[in-house]
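Heads up: the structure comes next, in structure tokens.
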Amino acid sequence: MKLKEILQRQLTEAAEKEGYTPHSVVITSSKDEKHGDLSSSLPLSLAKAAKKPPMEIAESIIGKIEIDDRIVADIFPSPPGFINFKINPSYYQSLVSEIIKAGNTYGQSDKGKNKTANVEFVSANPTGPLTIGHGRNAVIGDTVANILENHGYNVTREYYFNDAGRQMRLLGQSVEARYFELVGKEIEFPNDGYEGNYIKDIAQSILDEHGKSLLPSDPLFKENAEKIIFADIENSLVNLGIHFDQFTNEKTFYENGEIDRFLEELKAKNLIYEKDDATWFRTTELGKDQDRVYIKSTGEPTYRVPDTAYHRDKVNRGFDLIIDIFGADHADTYPDVLLALEALGLKTDHIRVLLYQFVTLLRNGEKIKMSTRKANFITMDELVNEVSADVVRYFFIMRSMNSHLNFDLDLATDHSEKNPVFYLQYAHARICNIIKRGAGLGKDFTNDFDSARLTHSSEIELLKTLEQFPEIMSSALKLLEPQDIANYLQDLAARFHRFYVDCRVITDDNDLSAARVALIKATKIVLANGLNVLGLTAPERM
RNA sequence: GCCCACAUAGCUCAGCAGGAUAGAGCGACUGCCUCCUAAGCAGUAGGCCAGAGGUUCGAAUCCUCUUGUGGGCACCA
């Protein structure tokens with residue numbers, strides 16, 4: 001059990017013995033060492049209802065706490081009504097062998113054991129290369145999936161795409177136009193067509209493969225474009241270390257009758273009606289302020305229809321947890337999907353939608369407006385080639401999902417050595433180097449060490465930070481916010497670098513060296529586990 | 001106009017299930033390698049936590065309003 005949980009329980013029991021009814025017992029790390037290592041403000045929160053001074057409550061609760069002195073060295077109150085715990089250093093010291101023993105399972109849990117999760121992310125339609133805009137989605141999704149796996153979930157990474165809609169039709173027409181340009185029979189380029197050079201490349205490859213005798217409206221234009229672009233997207237994802245377990249195509253739900261069935265069921269519930277030659281979903285009946293078009297007057301369904309059928313399919317596949325990673329532009333639309341599922345009697349409370357804010361790309365201090373259609377974009381491949389997958393991944397999760405991300409291209413490329421990801425990786429590399437050096441001197445400190453030798457304040461601070469890792473990981477499972485892990489690792493690396501400066505590891509004092517080697521091995525394990533969850537490499541040298 | 005986010009150091013951002021003195025990186029200035037990688041460490045300067053109310057013993061954190069920024073409000077996805 002984790003330290004805070006132990007203290008929480010002791011505090012709660014002691015408070016109850018004194019006749020209080022504590023609601024939430026919060027324990028925080030003390031910032032000032034004169035307040036011990038951990039503190040609780042429980043007495044302050046009880047004071048009002050009890051009509052007693054907080055300090056008096058603190059004293060009486062402390063009197064009832066059953067101290068395990070292997071863990072807690074001292075408990076004392078401080079004004080205006082905190083209870084402070086001084087933790088026995090031996091508790092922290094004992095973590096070293098615990099972490100080494102746990103190895104790559106340190107920080108893991110079995111909260112998701114025998115449970116399945118589906119994480120749907122990227123889901124970009126194959127109309128062009130993967131851009132930086134998609135990148136944030138891709139990295140968040142993959143990292144969230146890693147977090148779930150860290151807790152034992154069996155995760156399906158899924159990519160959903162539409163190939164039946166207007167966008168894909170435009171893509172085919174754009175390729176077609178470029179093809180006929182190449183064979184000298186120019187036809188009009190579609191309005192809103194895709195202008196990127198990659199369209200010309202595709203047209204050229206079609207020309208190379210099929211000659212110049214293709215006729216207008218040949219389905220081959222769209223089919224080839226889709227195939228080529230999709231292969232390119234998958235390759236870009238692999239470059240980022242991302243692999244999908246399943247690709248699901250919108251077309252499936254037309255072909256297997258799911259969409260018709262779904263519309264029929266809504267109709268039976270009188271949630272669908274016809275107006276102005278279109279078919280509408282009666283969202284107002286379900287608490288929204290306007291109805292939504294389901295089938296356009298052209299006869300073409302809107303994206304909501306297959307999307308909802310797709311989500312119903314995911315629910316029916318029986319996952320314990322379903323996660324969607326959407327950009328902020330979907331904030332208004334996904335509730336309609338959930339509403340429709342609920343209207344059909346499906347449970348949706350195991351669906352979690354993670355919305356992330358957009359990426360603003362800066363070059364020379366100016367915003368770049370990106371548009372796939374206008375071919376004004378930076379591709380993920382370009383970026384990964386310039387700054388490495390590690391840096392790109394870190395950049396996308398180092399900011400909280402719901403704040404806008406400024407991606408400064410100049411900073412990411414020209415000053416990449418200063419990227420914070422190197423700071424943590426350097427800590428890992430430093431440790432590897434010290435261990436190697438120790439081994440080179442014939443000092444292989446494997447099992448036999450006395451952790452009581454770890455008494456320097458930098459050592460204790462490092463140990464305290466190592467202790468927090470499992471808590472950080474379980475909080476990450478609850479919040480599904482990768483950023484917290486990145487922040488923690490920054491803190492851990494900082495503690496290590498400070499320790500490195502204060503405490504020499506390989507010294508003439510063999511016992512001390514053995515203890516310190518064990519400490520850095522434990523640190524290395526936690527760094528590597530954290531980097532691994534973020535999908536970053538843990539380099540042995542830099 | 002309506003809905004959702006966001007607003008903290010010169011810049012980019014942490015901190016937000018309320019807690020004791022608001023942090024980091026970059027940038028500026030000062031120090032630290034005869035010693036495990038200086039991709040590091042220590043320090044100085046820099047803040048009305050957007051503004052105004054409220055709740056509370058206690059607010060950067062919760063609530064309301066104002067202002068500003070981004071996104072959404074399509075028979076686009």
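Atom set for the values below is all heavy atoms of this structure, side chains included, hydrogens, waters and symmetry mates excluded. Throughout, protein chains are lettered first and strands after them, A, B, ... in sequence-line order, and every chain is numbered starting at 1. As the structure is a prediction and not an experimental result, all values here were calculated from the model.
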If you only use heavy atoms from C-beta on, which nucleotide in [options] is closest to the side chain of [X]?
X: A:Asn125; options: B:G19, B:A77, B:C13; answer: B:A77
X: A:Asp32; options: B:C13, B:G40, B:U21; answer: B:U21
X: A:Asn402; options: B:A5, B:C73, B:C41; answer: B:A5
X: A:Asn84; options: B:A20, B:G72, B:C41; answer: B:A20
X: A:Lys48; options: B:A38, B:U56, B:C35; answer: B:U56
X: A:Phe422; options: B:G19, B:A39, B:G40; answer: B:A39
X: A:Val501; options: B:C41, B:A77, B:C73; answer: B:C41

Suppose we define a pair by two distances each less than 3.5 Å, Watson-Crick or G-U wobble; what does [N] pair with here?
N: B:G58; answer: none
N: B:C29; answer: B:G43
N: B:U64; answer: B:A52
N: B:G18; answer: none
N: B:C73; answer: B:G1

Have a look at [X] and say if it touches a base, only the backbone sugar-phosphate, or nothing, with a 4.0 Å heavy-atom cut-off.
X: A:His35; value: base
X: A:Asp277; value: nothing
X: A:Ala429; value: base
X: A:Lys31; value: sugar-phosphate
X: A:Cys432; value: nothing
X: A:Ser400; value: sugar-phosphate
X: A:Arg304; value: nothing
X: A:Lys34; value: base
X: A:Arg498; value: sugar-phosphate
X: A:Gln290; value: sugar-phosphate
X: A:Asp291; value: nothing
X: A:Pro79; value: base
X: A:Gln483; value: sugar-phosphate
X: A:Ala328; value: sugar-phosphate

A:Arg495 atom CZ is separated from B:G23 atom P, nearest whole Å, by 13 Å
In whole Å, what separates the [atom1] atom of [N] from that of [M]?
N: B:C3; M: B:G40; atom1: C1'; answer: 49 Å
N: B:G27; M: B:U44; atom1: C1'; answer: 15 Å
N: B:U64; M: B:C2; atom1: P; answer: 15 Å
N: B:C26; M: B:A59; atom1: C1'; answer: 30 Å

Confirm from the modelled atom types if [X] and [N] form a donor-acceptor pair under 3.5 Å, side chain to base only.
X: A:Ser297; N: B:C75; answer: yes
X: A:Ser39; N: B:A20; answer: yes
X: A:Asp491; N: B:A14; answer: no
X: A:Ser78; N: B:A20; answer: yes

Hey, are A:Glu461 and A:Lys464 close enough for a salt bridge, meaning a charged N less than 4.0 Å from a carboxylate O? yes
NZ/NE/NH1/NH2 to OD/OE distance under 4.0 Å, A:Asp509 and A:Arg453: yes
With centres under 5.5 Å and planes under 30° as the test, does A:His404 stack with B:G70?
no
Q.
With the criterion set at under 5.5 Å between ring centres and under 30 degrees between planes, would B:A39 be stacked on A:Tyr423?
A. no
Kindly check if the number of other-residue, nucleotide or ligand heavy atoms within 6.0 Å of CG (A:Asp349) is above 12? yes
With syn defined as a glycosidic angle within 90 degrees of 0 and anti as anything else, the base of B:C65 is anti
Note: A:Leu38 and A:Ser29 closest approach over all heavy atoms is CD2-CA, 3.7 Å
- Task: For the pair A:Leu454 and A:Leu462, evaluate side chain to side chain contact (heavy atoms under 4.5 Å, CB included) and give the outcome as yes or no after the intermediate values.
- Result: CA-CA 10 Å; A:Leu454 303 171; A:Leu462 178 56; over 6 Å; no
With a 4.5 Å heavy-atom cut-off, do A:Phe396 and A:Thr143 have their side chains touching? no
Q: Can you label the angle between the A:Tyr294 ring and the A:Phe281 ring as parallel, tilted or perpendicular, going by 30° and 60°?
A: parallel
A:Phe262 six-ring centre to A:Arg312 NZ/CZ under 6.0 Å and within 45° of normal | no
query = Does a nitrogen or oxygen in the side chain of A:Arg430 sit under 4.0 Å from OP1 or OP2 of B:A38?
reply = yes
